[in-house]
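Worksheet for the structure shown next.
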Amino acid sequence: MSAFAKFRISELVSGTILDTQVAVQGWVRNKRESKNVVFISLNDGSTIQNLQVVGDPVHLGETLLRKINSGASLTVEGTIKASQGKGQKVELEASQIKVDGEADPEKYPLQPKKHSLEFLREIAHLRPRSQTFGAVFRLRHAMIFATHQFFNERGFFNIHTPIITGSDAEGAGEMFRVSTLDGLKPPLDDEGEIDHSKDFFGKETNLTVSGQLEAEAFAQSMGLVYTFGPTFRAENSNTSRHLAEFWMIEPEMAYYDLNDNMGLAEDFLKYLVDYALKHYADDLEFLNDRGIREEHQKPQHQRQELNLIERLKLVSDYQFERINYTQAIDILKNSKPNKKGKFQFPIDGWGIDLQSEHERYLVEKCFKRPVIIYDYPKDIKAFYMRSNDDGRTVAAMDVLFPIIGEVIGGSQREERMGQLLARMKEMDIPEKDLWWYLDLRRFGSVPHSGFGLGFERLVQFVTGMTNIRDVIPFPRTPGNAEF
RNA sequence: UCCUCCUUAGCUCAGUUGGUUAGAGCGUCUGACUGUUAAUCAGUAGAUCCUUGGUUCGAGUCCAAGAGGAGGAGCCA
């Protein structure tokens, strides 16, 4: 079976290769059989498109045909020809088919019909064989690749920050403890507390909730750096936007102020969306149609105004609206829903944190494009954000997208030792754990900025998937670590 | 963690006021037919009605607790 050159289906469907003998390997999506001819839809994951394999039932034989069921894996040899039927440019006229792995049709759970996303989530090991998840995970790859390409083009260096961390001062939520101590009989100290000095690292350790602080060390040596790694939050969050294990991209830039930071965030997001539109048009088209069909199931008032591709073009074609927190509060205070009491959390004054409903109003109703809000009240933001001269705000910024809300959160970092120490004291952050972080202000401190992008939320936006569990291969959520 | 809703065949769902033998479409299987496109036509098989307990002469249906799932909120990315 190795006489012919192997091709992936993505190389064949365009129709540039014709009347050539090839070998193709993949999984059967569907088989349509009759007395004189058999059609097999074959997919190898390289593209959303299936290759139509055409066979002569007499030549192939009944024993072989019985084994060619949905889900079976095949090696097919034959000749690529212009298709006689409609719906595809080329088809593979099979001279020989080998069944590499059978799939019992009584038991194989994927059928050539629409399945619910909830059902597919229960068979996460098989769902990438479906059209929707094939498209989602090709686009996920595209966003990973485009991220590295974007930063590389701009002279950034990728830094692997630690996954096991000894500092719990990041203040970004509950952490997962990492320990090799005996869970039933841990060594105790004189006070009867767990003696962490006996643990593997000689201290209490956790899975990282952010690589930012470590990335800052590299920004203040290599200038422009970014991390792209797993992140863990032990929050009991049960929503379509949260995972216990997710991936985060965190660029950190020396000599960038908040404006430079916002500019980079906008350029980055536009680059990613453009990359998807340019290189993954057929997957996006499929997901776009899928989204339109889903929308039709909903009552009129719940439907999206724009379809997926229109939403992507909104990001790529328009400048993001930039307003500061104070302006945002003014707009919200005077907005129709606020005056009519439609907000669940009415806006009555300066200083409160914006709720999901407020962010969505600004993005989807007021400006109808991505919005960056900056200069937030210091009391609702982290200790490391740079204090503004007004004494009440910090140089923070959030990028808000339609539907998914906050996709990026960032800030200019506090580079002045005095101000940083004062903020840490105000917020009860212990200095001793962050001695090295303070050293960065002690020795050659420079103004710098950075942001964090929740990768799965970006993939949600680009694919139009409404549940974050459907854009990561094997989701980890409270009570669920199957696979 | 809070609020609301859901759980019936492999999948998607219907099931009246509590009443005899729980239905459909798709899929599977069998057969027919056809260069088919989630093929078409005919037929077959397929059910722990989420679990436990309760009310009742009688529970898929009513009540309670639990499990799982979805949507929204909070936390956040």
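Chain naming here is simple, since letters A, B, ... match the order of the sequence lines and numbering starts at 1 in each. Side chains are part of it too, since the values below use all heavy atoms of this structure and drop only hydrogens, waters and symmetry mates.
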Value in whole Å for how far the [atom2] atom of [N] lies from [atom1] of [X]:
X	N	atom1	atom2	answer
H115(A)	U12(B)	NE2	P	8 Å
R469(A)	G68(B)	CZ	C1'	12 Å
R293(A)	A38(B)	CZ	C1'	11 Å
E482(A)	G69(B)	CD	C1'	15 Å
E235(A)	A77(B)	CD	C1'	11 Å
L92(A)	U36(B)	CG	P	19 Å
D289(A)	A38(B)	CG	P	13 Å
I380(A)	G74(B)	CD1	P	13 Å

Pair [X] + [Y], salt bridge at N-O below 4.0 Å:
X	Y	answer
E456(A)	R241(A)	no
E235(A)	R233(A)	no
E357(A)	R360(A)	no

* Asked: For residues Y384(A) and Q212(A), is any side-chain donor paired with an opposing acceptor at under 3.5 Å?
  -> yes
* Are a donor atom and an acceptor atom from the side chains of T477(A) and R469(A) found within less than 3.5 Å of each other? -> no
Interatomic distance at [atom1], [N] relative to [M], whole Å:
N	M	atom1	result
U48(B)	A38(B)	P	32 Å
G54(B)	U61(B)	P	14 Å
U21(B)	G58(B)	P	15 Å
G15(B)	U28(B)	C1'	24 Å
U12(B)	C49(B)	C1'	16 Å
C29(B)	U36(B)	P	22 Å
U17(B)	A9(B)	C1'	27 Å
G35(B)	A47(B)	P	38 Å

For [N], which nucleotide in any strand shown is its Watson-Crick or wobble partner with both distances under 3.5 Å?
N	value
C41(B)	G31(B)
C26(B)	G10(B)
G74(B)	none
C5(B)	G69(B)
C62(B)	G54(B)
U21(B)	none

Please determine whether a side-chain nitrogen or oxygen atom of [X] lies at a distance below 4.0 Å from atom OP1 or OP2 of [N].
X	N	answer
R457(A)	C76(B)	no
S240(A)	G72(B)	yes
T231(A)	A77(B)	no
S41(A)	U37(B)	no
R241(A)	G72(B)	no
Q52(A)	U37(B)	no
N467(A)	G71(B)	yes

Presence of donor-acceptor pair under 3.5 Å, side chain of [X] and base of [N]:
X	N	value
E91(A)	G35(B)	yes
N50(A)	U37(B)	no
Q84(A)	G35(B)	yes

* Could you tell me which residues satisfy side chain to side chain donor-acceptor pair (under 3.5 Å) with R121(A), sequence neighbours excluded, listed by chain and number? => D470(A)
* Structure fact -> Note: for L453(A) and S356(A) on RNA chain B, the residue whose nearest nucleotide lies more 5' is S356(A)
* Structure fact -> On RNA chain B, more 5' by nearest nucleotide between E406(A) and R32(A) is R32(A)
Give [X] one of three labels, base, sugar-phosphate or nothing, depending on what nucleic acid heavy atoms sit under 4.0 Å from its own.
X	value
L243(A)	base
Q88(A)	base
F119(A)	sugar-phosphate
V407(A)	sugar-phosphate
K107(A)	nothing

* Measure from the side chain of Q355(A), starting at C-beta and using heavy atoms only, and say which of G74(B), A70(B), U1(B) lies closest. => G74(B)
* Side chain of N480(A), backbone of E482(A): donor and acceptor closer than 3.5 Å? -> yes
* Keeping the roles fixed (side chain from R32(A), backbone from V37(A)), state whether a donor-acceptor pair exists under 3.5 Å. => no
* Asked: Considering residues, nucleotides and ligands other than E285(A), do more than 12 of their heavy atoms fall under 6.0 Å from its CD?
  -> no
* Structure fact -> Closest non-hydrogen atoms of G409(A) and D398(A), given as atom of the first, atom of the second and distance, are CA-OD1, 3.5 Å
* Structure fact -> Closest non-hydrogen atoms of N236(A) and N238(A), given as atom of the first, atom of the second and distance, are OD1-ND2, 3.2 Å
* Asked: Do we see F246(A) stacking on the base of A77(B), given a limit of 5.5 Å between centres and 30° between planes?
  -> yes
* Mutual orientation of the aromatic rings belonging to Y226(A) and H148(A) [parallel < 30°, tilted 30-60°, perpendicular > 60°] -> tilted
* Asked: Do the two ring centres, one from F268(A) and one from F151(A), sit under 6.0 Å apart?
  -> yes
* Annotated protein contacts, base or backbone, on nucleotides 23-33 of chain B with a non-hydrogen cut-off under 4.0 Å, one of B, S, - each -> --BBSSSS--S
Report each atom pair, protein N/O against N/O of nucleotides 65-67 of chain B, whose distance is under 3.5 angstrom.
none

